[in-house]
Each structure stands twice: as structure tokens, then as C-alpha cells.
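Chain A is the first sequence line, chain B the second, and so forth, proteins listed ahead of strands; every chain is numbered from 1. Everything numeric in this text was worked out from a predicted model, so none of it was measured.
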Protein chains: 2
Amino acid sequence: MSASTHGPRERIVYEAAQHLRRTGVAGTGLREVVVAAGAPRGSLQHYFPGGKDQIVGEALEWSGAWAAARVQEHVARMRRPTPGHLFTAIVDDWAADLASRDFERGCPVAAAVVDCADANDAVRQAANLALQTWQRPITEALVAMGRGPRRAQVLSTLMLCALEGAVVLARAQRDTAPLRLVARELAPVLDA
Amino acid sequence: MSASTHGPRERIVYEAAQHLRRTGVAGTGLREVVVAAGAPRGSLQHYFPGGKDQIVGEALEWSGAWAAARVQEHVARMRRPTPGHLFTAIVDDWAADLASRDFERGCPVAAAVVDCADANDAVRQAANLALQTWQRPITEALVAMGRGPRRAQVLSTLMLCALEGAVVLARAQRDTAPLRLVARELAPVLDA
DNA sequence: CATCTTCTATGACATTCGTCATAGTAGCGC
DNA sequence: GCGCTACTATGACGAATGTCATAGAAGATG
């Protein structure tokens, strides 16, 4: 759960990511983050001389890596690997996470994009990178399932779009229905 | 374009919606909005005694109604109406809007959900309502195209999920590719 | 012990925020 | 003219923000 490995630095990055998921970039106060991380406030300027942008950037990087690792866990766990099954596994994972926390937390990448794709290009790029980090293992898994590289890329993009959108809808109505819906509807398409 | 019909009140709501699309809820300053609307600051407490929540709420309501009207325009304009064609029309519309403004502005509903689904339930409900307002004409159009009511609801939900997610991805990579992709991939599925 | 680097601890700064209080103006019915 | 309502105009307040300056502790290395 808490992949906050060791030191205060890691805990700050982790906690920043969790805070992003709840209130977005502008809504995330560094003082709050530092308190939640049980870290001294002085660590902020020591470990993150780049300021908030750096922290948000690293939080996104961490989130992308975490999501990618999670995908690979699903791939490894699957008995009959198909794109549809993988998608369902990922979506179910998100549905469980959302519901277990009362739909408090969404996707940090989406939050970053929505908040500062306009004015903060550094954060936008970090979000884009995190998205790629996340997508890569999905694409690779699809290739391993026999899809061509180009087709795999298309399908993984479709997956992420449907997932991100479903997370938004699910949080809006506080119900995992949209997530279950996209899994049910898209799985056969992905396996076709 | 600017559906800011007449008075300062309408202009404030409209401008608030546009600002939401760029920087989310927390990033939207009421002073900025009022300046952009060319409205006097005193109008804030006069027209919106409910404060920021009310303004954001009305901005979302306006956005939902606008999106719904836009859908109906597409429906009216279509020569060979099919679900896939409708979806493509909607997605193309968004792609053109995103690109024309350099991916500055996204979906206000998504912004509201991402920013305050956690702590601000009034805004979350407003976002949810806007989503329903938007979805209804889509569902009705699908019914008119021969889908059963339940099936139409499922398909329109799928459309919105894919669209919302694609908008996020598109803004992250500053490219309409994800939007075109979901249209291309989903259209045949919707028409099946 | 002395020194140097790493990390922590606070206090202060300038902004910005949403909100409120208060006063002013415009226009209309009478 | 008066009175009333609708709207505008500002100034101020307290809270919170990111950032910086500065100084202190800890711990290794010499």
C-alpha cells in the first residue's frame, strides 16, 4: 500500500501523490503534505530545491511507475491472458480502490493535466511522461498476447481513455458503475 | 461562441466556466473571472450570495446545458444518423475546440470532479447533474436510432467515458490523436 | 576537539484567496 | 421632491499559499 519506502523524501513524494488524487495541484498545500508525511518542513527546500513543480513532477513520476508495476502484477497473475481480461483486471483494481476510499481519490495524472495543462508546462510534461510509463507495460502485454505493436498501442490508448473517463464519471456519481460498464463493453471488443 | 447572453451575471457564469476549463476550481480566482467578464466586483456578492460554490455550480449547469445543446445540433445536422456517427461528430467537435485553443481548455465537469469530488459535495453534485444533462440528449438520440432505452444508456455512458479520458490524454500530449483514436475504434462498436 | 556536510527547525515575506462591511449611484414609481 | 430597490464601488479582514533567510542539530571525517 504505502510504497513510502524509507526516508522523509520518499514519504513526501508519496503523500504529495495521494494529495494530488484528492484535490488536484492547486488544492494541494505543501505544508499539509509535509505534515501528512510526518516530515520536517525544512525537508521541502532541502530535497526539493525546484519547489512545488519538482514535488508534483516526482509525485507524477512515482504514480506512473506505481501504476506500471501494478499492471505487470496483473499480467503476471493472469491465467488466461487476453486484452479484455487485462483491462477488466485494471478496471476492477481501480473500482476497488475508489470504493474503498469513498471515491475520495482519483487519478493523479488526470488531476495534474486538468489543473495545469494550460499554464504549467513542466507539470504537463511530467503527466504525459507518467502516462507513457503507465501505458508501456500494457502495450507490451498486448504484444505478448499476439497483437501487432501498432495495434497494441492503439488498444492500450483506448483502454486508458476509457479508464480515465470512467474514473471521472464514477467519482461524480459516487458509484463504480461506469467502471464496470466500460470493462463489460470493451472487453469483447479488445479480444476481437 | 460566447453564449454570454446579456448582463454581467451571465457573463460571470460563462467566464467562470471557461476559467474552470483552464485551471480547475481551486485555480479559478473570482477576481480574475470578474475582470474577464468585464463585470464589477460588487456583482459577485449581489448575484451570487452563495459564494464561489454557487458560481461554480452555475458554471457547471451552464456547461452541461451548452454541451447538451451542442449534441442536439449534431443530431439535427446528421444525414445518416448512427451512434458511431454521432460519437464521431461529438469527438471531432472537441478535437477542433482543443486544437484551436492550443489545448488550453478541457472539460469543466472533469475539472470540477477532479478538484473537489472529495471535499466539496455541492460542487460534486453539480458536476454530476451537468453530466446527466449532457448525457440525456445522447441517450435519446440513440433511442431514436433504434437502440433500446437501457442499451442506449449504456452506450452513451461509454461514449462519455471514452471522450472524457481522451480529452485528458489529448491535453497531456498536446495532440488530438487520442480523440481521433477513440472515435475510429469505437464508432464501429457503437454501430454494431 | 575541530570541521564540514547533511538535514532540520522556524520565522518572515509578499501574494492571493474568498468573504464581508459599508457606502455610493441609478433609475423608477409616486 | 421622496423612497425604495437594484446594482456598483471599494476597502479591509483573516486565512492560506509558495518561497526564502537564517540558524540550529547530527553525525561522520579529519
Side-chain angles (χ1 to χ4, degrees), chain A residues 4-20 22-60 108 111-112 114-116 118-124 126, chain B residues 4-20 22-60 108 111-112 114-116 118-124 126:
Chain A
S4 53
T5 334
H6 283 107
R9 193 186 200 288
E10 287 79 7
R11 291 202 307 271
I12 288 177
V13 171
Y14 171 78
E15 216 62 47
Q18 301 311 316
H19 224 88
L20 278 187
R22 294 198 5 234
T23 49
V25 177
T28 294
L30 260 31
R31 286 168 170 86
E32 271 182 280
V33 169
V34 115
V35 167
R41 219 186 73 195
S43 296
L44 283 181
Q45 65 180 290
H46 184 73
Y47 291 114
F48 308 95
K52 189 175 187 178
D53 282 5
Q54 182 183 355
I55 298 183
V56 171
E58 296 200 22
L60 292 173
V114 153
D115 271 7
C116 32
D118 171 30
N120 192 332
D121 202 65
V123 168
R124 195 215 97 232
Chain B
S4 52
T5 333
H6 284 107
R9 193 186 201 286
E10 287 79 7
R11 291 202 306 272
I12 289 176
V13 171
Y14 171 79
E15 216 60 49
Q18 301 311 316
H19 225 88
L20 277 187
R22 294 197 7 233
T23 49
V25 177
T28 294
L30 260 30
R31 286 168 171 88
E32 270 182 279
V33 168
V34 116
V35 167
R41 220 187 73 194
S43 296
L44 283 180
Q45 65 181 298
H46 184 73
Y47 291 115
F48 309 94
K52 190 175 188 178
D53 282 6
Q54 182 183 354
I55 298 182
V56 171
E58 295 199 25
L60 292 173
V114 153
D115 272 8
C116 34
D118 171 31
N120 192 331
D121 203 64
V123 170
R124 196 214 96 234

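The CZ atom of A/R9 sits 9.0 Å away from the CD1 atom of A/I55 when rounded to the nearest 0.5 Å.
Distances shorter than 4.0 Å separate some side-chain N or O of A/S43 from OP1 or OP2 on C/dT8.
Atom-to-atom, CZ of A/R9 to C1' of C/dT6 comes out at 14 Å; the value is rounded to the nearest Å. Taking atom NE2 of A/H46 as the reference point, atom P of D/dA25 lies 17 Å away to the nearest angstrom. When rounded to the nearest whole Å, the span between OH of B/Y47 and P of C/dC20 equals 19 Å.
Using a 4.5 Å heavy-atom threshold, the side chains of A/R124 and A/D121 count as touching.
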Got a list of side-chain donor-acceptor pairs under 3.5 Å for residues 38-52 of chain B, not counting sequence neighbours?
residue: B/S43; atom: OG; partner: B/P40; partner atom: O; Å: 3.3
residue: B/K52; atom: NZ; partner: B/V25; partner atom: O; Å: 3.0
residue: B/K52; atom: NZ; partner: B/T28; partner atom: O; Å: 3.0

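Each of A/G42 and B/V25 lies near DNA chain C, and the nucleotide nearest A/G42 is the one positioned closer to the 5' end.
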Atom pairs under 3.5 Å: protein N/O with N/O of nucleotides 19-22 of chain D:
residue: D/dT19; atom: OP2; partner: A/K52; partner atom: N; Å: 3.0
residue: D/dT19; atom: O4; partner: A/R31; partner atom: NH2; Å: 3.2
residue: D/dA21; atom: N6; partner: A/Q45; partner atom: NE2; Å: 2.5

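Checked against side-chain hydrogen bond (donor to acceptor under 3.5 Å, both in side chains), A/Q54 has the following partners two or more places apart in sequence or in another chain: A/E58. Taking the salt bridge (Lys or Arg N to Asp or Glu O under 4.0 Å) definition, one finds that B/D53 meets it with nothing, sequence neighbours left out.
The residue B/Q54 sits apart from the nucleic acid: no heavy atom pair falls under 4.0 Å.
The nearest pair of heavy atoms linking B/T23 to B/D115 is O-OD2, 4.4 Å.
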